[in-house]
A.B. asks: 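Pasting a structure below so you can have a look.
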Number of protein chains: 2
Amino acid sequence: MPHVTIADIAGRLGISTAAVSYALNGRPGVSATTRQRVLDLVEELDWTPDSTARSLRSRRSMAVGMALSRDAEEIANEPFYSYVQAGIEQALAARGYSLMISRPGRRQAAELDVYRSWARQRRVDGVILFDLLADDPRTGLLEEVGLPFVEVTSEAAVDGAPRVLIDDAADAGTLVSHLADQGYRSIIHLSGPGQLTHERLRARAVAAVASAGGLEVVSSACRYTMEDGARGFLEAVGRVPRQPVGVVGSSDLLALGALRGAGLLGLPVPDRIGVVSWDESLPCRISNPPLTSLERRPITMGRLAADLLLDRLDGRARSLVRLPASGLTVRASSNRMAREIS
Amino acid sequence: MPHVTIADIAGRLGISTAAVSYALNGRPGVSATTRQRVLDLVEELDWTPDSTARSLRSRRSMAVGMALSRDAEEIANEPFYSYVQAGIEQALAARGYSLMISRPGRRQAAELDVYRSWARQRRVDGVILFDLLADDPRTGLLEEVGLPFVEVTSEAAVDGAPRVLIDDAADAGTLVSHLADQGYRSIIHLSGPGQLTHERLRARAVAAVASAGGLEVVSSACRYTMEDGARGFLEAVGRVPRQPVGVVGSSDLLALGALRGAGLLGLPVPDRIGVVSWDESLPCRISNPPLTSLERRPITMGRLAADLLLDRLDGRARSLVRLPASGLTVRASSNRMAREIS
DNA sequence: TTGTAGGCGTTATCAG
DNA sequence: CTGATAACGCCTACAA
């Protein structure tokens with residue numbers, strides 16, 4: 001008996017497949033005793049609905065897609081995406097959905113092709129978008145091909161797709177205030193690529209908070225690599241007027257780059273240069289000195305995004321879910337006052 | 001026109017759906033001109049086969065599953081799995097398959113449930129297994145439920161499932177010889193959990209190579225955490241007779257733990273203690289001192305495993321694919337002779 | 001309360 | 001060489 005079907009069950013019980021289906025789906029139209037007999041036999045034969053048949057019928061694949069469009073190196077070095085994946089999968093599994101992962105690589109067009117193909121083949125019921133760009137071509141495409149999606153973003157658009165809202169402005173405040181408290185008198189912000197909406201927002205927020213606190217700010221847009229972080233730091237450090245200088249790295253790699261840059265110049269950390277990272281990671285914990293980092297909640301982000309998407313697929317529309325602001329783990333890289341670190 | 005089907009195409013062309021299907025699948029039974037008309041219209045209407053319908057008919061989901069059963073923390077800190085995923089996805093995409101990821105967490109039973117559910121729902125056509133255990137319950141279950149699988153392992157079984165064979169013995173030789181060349185006179189092997197077949201094999205291989213070279217060996221089985229690596233090192237270092245001591249960490253975290261342990265004891269690295277890591281990672285590159293690491297090819301591993309599985313699904317049986325031995329990146333943590341590092 | 005009869009979109013069988 | 005037609009397994013009007 002390779003695969004049990006409802007026809008088998010109906011046959012054994014001498015009833016119709018419709019009765020079996022009603023019984024299984026808890027619908028009226030079948031007597032309590034029949035229902036129980038069906039359920040018992042299902043249990044005994046260990047029947048599970050065939051997802052392909054069910055999908056064909058219901059027009060639902062019961063799968064959600066996520067395309068990772070950075071290159072393998074970058075994804076592997078950022079625990080962020082791995083945690084997000086864990087959160088998504090956790091939420092999906094709880095509701096019977098599966099997670100489909102694609103890695104189209106850097107090319108924008110390749111990622112769009114993935115969505116097109118998913119939509120036309122009906123392979124996924126919806127997708128989750130990260131790292132939104134200004135005038136992101138993905139949202140338009142997804143609407144065009146009719147693939148529902150949610151965004152994880154720090155841009156609170158009034159209308160548009162449902163979104164998990166990251167409070168990057170509050171996080172910017174946390175980071176800059178900490179640096180100010182530690183006595184740093186200028187701020188360097190090593191931000192990521194400027195096409196990313198959250199990087200623009202972060203840059204604006206860092207600048208706003210810093211100048212509100214009387215600190216001068218120099219910004220430098222970098223690619224997310226340690227090398228570029230070091231380069232950005234070396235460039236920026238010549239342009240800041242007052243030391244000690246606090247550096248905000250928009251990713252752990254950028255913060256590590258700043259650390260390296262400070263080392264090259266022989267500038268002591270945290271005395272003259274303080275460094276904080278927007279992301280937590282193992283490298284942050286083991287670097288020398290260890291890096292003060294934001295505790296974002298990537299697993300929660302993934303979970304919220306997946307739940308939001310599934311709610312939307314179920315017709316329960318929620319347009320926005322707010323992720324609480326991140327905490328801060330203070331480590332030696334910015335602990336200029338040498339307070340005890342608990 | 002929400003979704004184009006072959007019925008639409010047949011209707012427009014005034015032919016049967018069978019003719020369309022033949023034309024599309026390149027089968028005989030349709031004239032060249034009809035075929036061309038079909039192909040043209042398919043192009044024009046931008047038709048793609050509906051994967052759910054095709055799956056129902058063909059009994060193939062065109063998806064491959066991978067269950068990550070370590071906990072989120074561990075997966076996120078190991079770039080290894082991320083690279084493997086990239087390799088798998090790359091190979092699958094090239095052949096029209098999708099990758100389904102599940103994260104059942106640590107519990108063995110949960111992972112088995114995932115496979116059971118995948119098999120009964122026909123959600124995936126096969127799965128890829130990593131981190132095999134002695135008497136691994138997964139292989140038996142998968143055979144029982146009829147889900148094809150391939151293993152990525154260093155155990156070269158004569159029969160059994162198709163496998164990608166990792167040459168852990170050769171890699172052990174590379175690591176230990178390097179340490180011997182650098183003048184280390186005893187070896188500590190911080191190995192991973194002993195249920196893992198590859199860890200057993202590594203332990204045997206390290207011991208064999210070391211004693212062949214006249215080096216004494218002390219082994220300590222650890223969980224894959226930095227803390228446990230440090231603990232294992234501290235325990236073992238008291239039991240080795242001769243310094244300088246070379247430490248082989250079976251993962252980057254264990255090697256980092258050894259580094260920390262050496263730091264706690266004030267033992268200079270690489271002078272008295274040399275450390276090498278079985279895995280490459282960003283933490284290895286930025287640790288202090290940077291860690292000598294094996295360059296395994298996780299992307300290639302994933303690619304080979306996926307291709308092997310797909311070949312098996314296509315009936316093209318290959319039982320074994322060998323992954324070439326890894327190279328070694330020498331860094332300061334074991335560079336006792338202070339040769340220039342290029 | 002139950003059974004019959006489609007249909008979801010594709011592909012394979014089997015007549016013409 | 002072509003074209004109905006019947007599955008694949010499930011669900012749901014509708015009829016009995």
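Values below: all heavy atoms of this structure, side chains included; hydrogens, waters and symmetry mates excluded. All chains are named by letter (A, B, ...) in the order of the sequence lines, taking the proteins before the strands, and each is independently numbered beginning at 1.
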A.B. asks: Between B/R60 and B/L313, is there a donor-acceptor pair closer than 3.5 Å when you use the side chain of the first and the backbone of the second?
C.D. replies: yes
A.B. asks: Show me the protein contacts with nucleotides 4-8 of chain D, counting only N or O atoms at under 3.5 Å.
C.D. replies:
unit_1: D/dA7; atom_1: N3; unit_2: B/R57; atom_2: NH1; d: 2.7
unit_1: D/dC8; atom_1: O3'; unit_2: B/R59; atom_2: NH2; d: 3.2

A.B. asks: Which atom names give the shortest non-hydrogen contact between B/L310 and B/A91, and what distance separates them?
C.D. replies: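 Closest pair (atom of B/L310, atom of B/A91, distance): CD2-O, 4.3 Å.
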A.B. asks: Please walk me through it: do A/M301 and A/Y83 pass side chain to side chain contact (heavy atoms under 4.5 Å, CB included)?
C.D. replies: CA-CA 9 Å; A/M301 275 182 215; A/Y83 281 120; over 6 Å; no
A.B. asks: Output the rounded distance in Å from CD (B/Q121) to P (D/dC10).
C.D. replies: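 B/Q121 atom CD is separated from D/dC10 atom P by 11 Å.
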A.B. asks: Do A/T52 and A/S55 have side-chain atoms, one donor and one acceptor, less than 3.5 Å apart?
C.D. replies: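 No.
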A.B. asks: Distance alone, cut at 3.5 Å: any donor-acceptor contact between the side chains of B/Q121 and A/S51?
C.D. replies: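 A/S51 and B/Q121 do not have a side-chain donor-acceptor pair below 3.5 Å.
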A.B. asks: Starting from P on D/dC10, measure out to CE on A/M62 and report it in whole angstrom.
C.D. replies: 15 Å
A.B. asks: Is it the case that A/Y81 and A/E74 place a side-chain donor and acceptor less than 3.5 Å from each other?
C.D. replies: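 Their side chains do not contain a donor-acceptor pair, so the 3.5 Å distance test is not met.
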A.B. asks: Find the distance B/R54:CZ to D/dG9:C1' and express it as a whole number of Å.
C.D. replies: 19 Å
A.B. asks: At how many degrees, to 10°, do the end axes of the helix from C/dT1-D/dA16 to C/dG16-D/dC1 meet when each uses five pairs?
C.D. replies: 60°
A.B. asks: Using the heavy-atom set of chain A and a strict 4.0 Å cut-off, write down the first and last nucleotide of DNA chain C that makes it in, 5' to 3'.
C.D. replies: C/dT1 to C/dG9
A.B. asks: Examine the side chains of B/S82 and A/R103 and answer whether a donor and an acceptor come within less than 3.5 Å of each other.
C.D. replies: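 A donor-acceptor contact under 3.5 Å links the two side chains.
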A.B. asks: Please report the shortest heavy-atom distance between B/L147 and B/Y115, naming the atom on each side.
C.D. replies: CD2-O, 3.9 Å
A.B. asks: Side chains of A/S319 and A/R163: donor-acceptor distance under 3.5 Å anywhere?
C.D. replies: no
A.B. asks: D/dC11 C1' sits how many Å from A/W47 CH2, rounded?
C.D. replies: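 Between C1' of D/dC11 and CH2 of A/W47: 11 Å.
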A.B. asks: A/R318 vs A/D307, test: side chain to side chain contact (heavy atoms under 4.5 Å, CB included). Steps then yes/no.
C.D. replies: CA-CA 10 Å; A/R318 288 185 297 156; A/D307 272 326; 4.3 Å; yes
